[in-house]
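Heads up: the structure comes next, in structure tokens.
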Amino acid sequence: MNIQENISLKAFNTFGIDATAKRFVSITSVYHLQELLKKEKNIFLISGGSNMLLTKNIEQLVVHLDCKGISIDKEDEDFVYLTVNSGENWHDFVLFCVEQNYGGVENLSLIPGNVGTCPIQNIGAYGVEVKNVITKVEAVEIASTKLHTFANKDCKFGYRNSIFKNEAKNKYAITSVSFKLTKQKHILNTSYGAIETELASKNITNPSLKEVSNAVIAIRKSKLPDPKKIGNSGSFFKNPVISKSHFLELQNQYPNIPSYIISEDEIKVPAGWLIETAGFKGKRFGNYGVHEKQALVLVNYGNATGKEIYALAQKIKETILNQFSIHLEIEVNII
Ligand code: EPU
């Protein structure tokens with residue numbers, strides 16, 4: 001194990017923030033991780049770095065989880081069961097599944113990050129959440145260095161949420177994720193408006209996994225910035241859920257406010273719409289700003305610091321609270 005000193009983390013976080021790791025090590029096997037954890041407990045884990053905003057340098061030992069490999073555990077006529085090591089790139093895994101005709105993750109195409117972090121925030125897009133296809137998550141407990149298996153229900157998945165953001169936060173290093181995917185009779189989820197429109201524009205009526213994946217890729221490319229070109233972490237805030245009475249008041253004032261019914265008394269409103277209506281969409285403040293095509297995405301145009309982006313997020317939160325009486329919750333991990 002090669003522990004390096006004073007390493008820039010710019011290439012290890014999709015926001016492209018140039019924070020420094022005092023000490024840094026890349027780990028490529030569960031065994032090495034366990035050996036390391038016997039000696040070092042004060043660690044900071046990083047994998048794809050796709051859901052974090054670094055606002056300071058990291059004093060702890062930064063452990064970059066980089067275990068690779070995809071294995072098929074079993075399969076029958078209808079399903080395939082796979083285990084994927086945490087350092088595999090998420091989108092490469094999706095493309096692999098689409099190529100093999102394994103169904104279930106095609107709507108999650110082009111989401112940045114690695115497989116090991118997909119359960120932490122229960123990544124989701126276009127009507128699908130990764131919790132639908134995860135069977136188990138394996139993780140090394142930092143305190144005991146023992147490998148622990150979380151069955152799907154142990155992960156306590158919710159909207160952009162799981163046990164790994166709560167009770168288990170900073171206590172485990174996820175080493176692999178297992179999935180159950182369809183081999184035939186795929187359950188396609190194309191009801192999301194933008195997917196339907198994209199498929200219709202190509203005259204596709206009975207889409208294959210590849211065609212759904214391509215539609216999602218086209219939609220994402222049209223709205224979301226490519227982190228390789230413009231630093232970002234996807235949606236910076238969660239979509240808030242408000243009471244029906246609160247929604248009806250807002251609707252009086254803003255007749256075009258979009259909404260999704262969650263329950264009899266709960267309505268979800270898109271944070272992107274709130275932020276756009278408050279006038280932030282496309283606003284640039286020097287090195288950072290709000291994406292011009294999707295107001296839910298904060299961007300780093302070059303050399304912004306995490307502190308600057310965090311201050312912008314606070315300003316947006318304050319404005320939304322004053323204008324709509326809604327508390328926006330940050331989705332990204334602030335470090
Ligand atoms: N909207 C605006 N202005 C904007 C952005 C959105 O008015 O600048 C409106 C849209 O017109 C639409 C509604 O808000 O009526 C929803 O927009 P969109 O379909 O783009 O989805 P979203 O709710 O903003 C969520 C996820 C995304 C995911 C998309 C598609 C969250 C926090 N975000 O965004 O996830 O890709 O749905 O399913 O739930 C991520 O988590 O990083 C992420 C990108």
Side-chain angles (χ1 to χ4, degrees), residues 1-70 84-93 112-121 137-148 164-165 168-177 226-234 287-288 300-310 332-335:
M1 265 174 281
N2 174 23
I3 297 186
Q4 298 165 275
E5 286 182 4
N6 296 321
I7 293 292
S8 166
L9 294 173
K10 197 174 166 92
F12 295 95
N13 70 101
T14 60
F15 249 123
I17 303 292
D18 192 8
T20 303
K22 215 171 189 178
R23 294 187 307 143
F24 176 96
V25 65
S26 256
I27 290 290
T28 52
S29 77
V30 174
Y31 171 76
H32 282 132
L33 177 62
Q34 288 171 313
E35 288 303 297
L36 177 79
L37 291 176
K38 283 178 191 158
K39 292 179 279 188
E40 302 259 3
K41 298 282 181 213
N42 192 17
I43 59 157
F44 177 87
L45 292 165
I46 200 161
S47 181
S50 60
N51 203 38
M52 58 169 60
L53 178 65
L54 293 166
T55 64
K56 54 178 188 270
N57 293 331
I58 308 295
E59 298 298 321
Q60 299 120 296
L61 171 63
V62 172
V63 178
H64 175 226
L65 290 173
D66 201 25
C67 310
K68 303 274 197 224
I70 300 178
V84 186
N85 285 333
S86 61
E88 285 288 338
N89 174 273
W90 172 261
H91 180 59
D92 289 347
F93 168 60
N114 285 352
V115 170
T117 36
C118 76
I120 301 179
Q121 54 153 335
V137 173
E138 279 200 330
V140 173
E141 189 184 20
I142 293 168
S144 67
T145 79
K146 290 214 171 86
L147 198 57
H148 185 89
F164 304 107
K165 272 188 146 181
K169 189 173 176 177
N170 298 332
K171 295 197 176 119
Y172 292 88
I174 295 173
T175 51
S176 72
V177 183
D226 176 353
K228 287 192 192 105
K229 295 183 188 135
I230 303 177
N232 77 90
S233 212
N287 277 326
Y288 59 96
N300 172 12
Y301 289 105
N303 297 315
T305 63
K307 280 204 171 83
E308 287 172 322
I309 293 173
Y310 186 60
V332 170
N333 261 314
I334 308 295
I335 309 296

What residues form a side-chain contact (heavy atoms from CB on, under 4.5 Å) with Asn300, not counting sequence neighbours? Phe15, Ile17, Ala304, Ile309
Ring pair (Phe, Tyr, Trp, His ring centres under 6.0 Å) partners for Tyr310, two or more places apart: none
Only residue of Val63, Leu61, Leu54 satisfying side-chain contact (heavy atoms from CB on, under 4.5 Å) with Phe44 is Leu54
Return the set of residues passing side-chain contact (heavy atoms from CB on, under 4.5 Å) with Lys10 (not counting sequence neighbours), or none when no residue passes. Ser8, Asp18, Asn303
Which heavy atom of Lys165 sits nearest a heavy atom of Ile120, and at what distance? CG-O, 3.6 Å
Set of side chain to side chain donor-acceptor pair (under 3.5 Å) partners for Thr55, sequence neighbours left out: none
Quick check: do Ser176 and Asn85 have side-chain heavy atoms less than 4.5 Å from each other? yes
Identify which one of Asn42, Leu33, Leu45, Asn170 satisfies the side-chain contact (heavy atoms from CB on, under 4.5 Å) criterion when paired with Ile142. Leu45
Residue pair Val137 / Phe164, side-chain heavy-atom distance below 4.5 Å: yes
Restricting to side-chain contact (heavy atoms from CB on, under 4.5 Å), what partner residues turn up for Lys39, sequence neighbours left out? none
Can a salt bridge be assigned to the pair Glu59 and Lys22 using a cut-off of 4.0 Å between side-chain N and carboxylate O? yes
For His148, the ring pair (Phe, Tyr, Trp, His ring centres under 6.0 Å) test, sequence neighbours excluded, returns Phe150, Tyr172
Can any side-chain N or O of Lys68 pair as donor or acceptor with the backbone N or O of Gly87 at less than 3.5 Å? yes
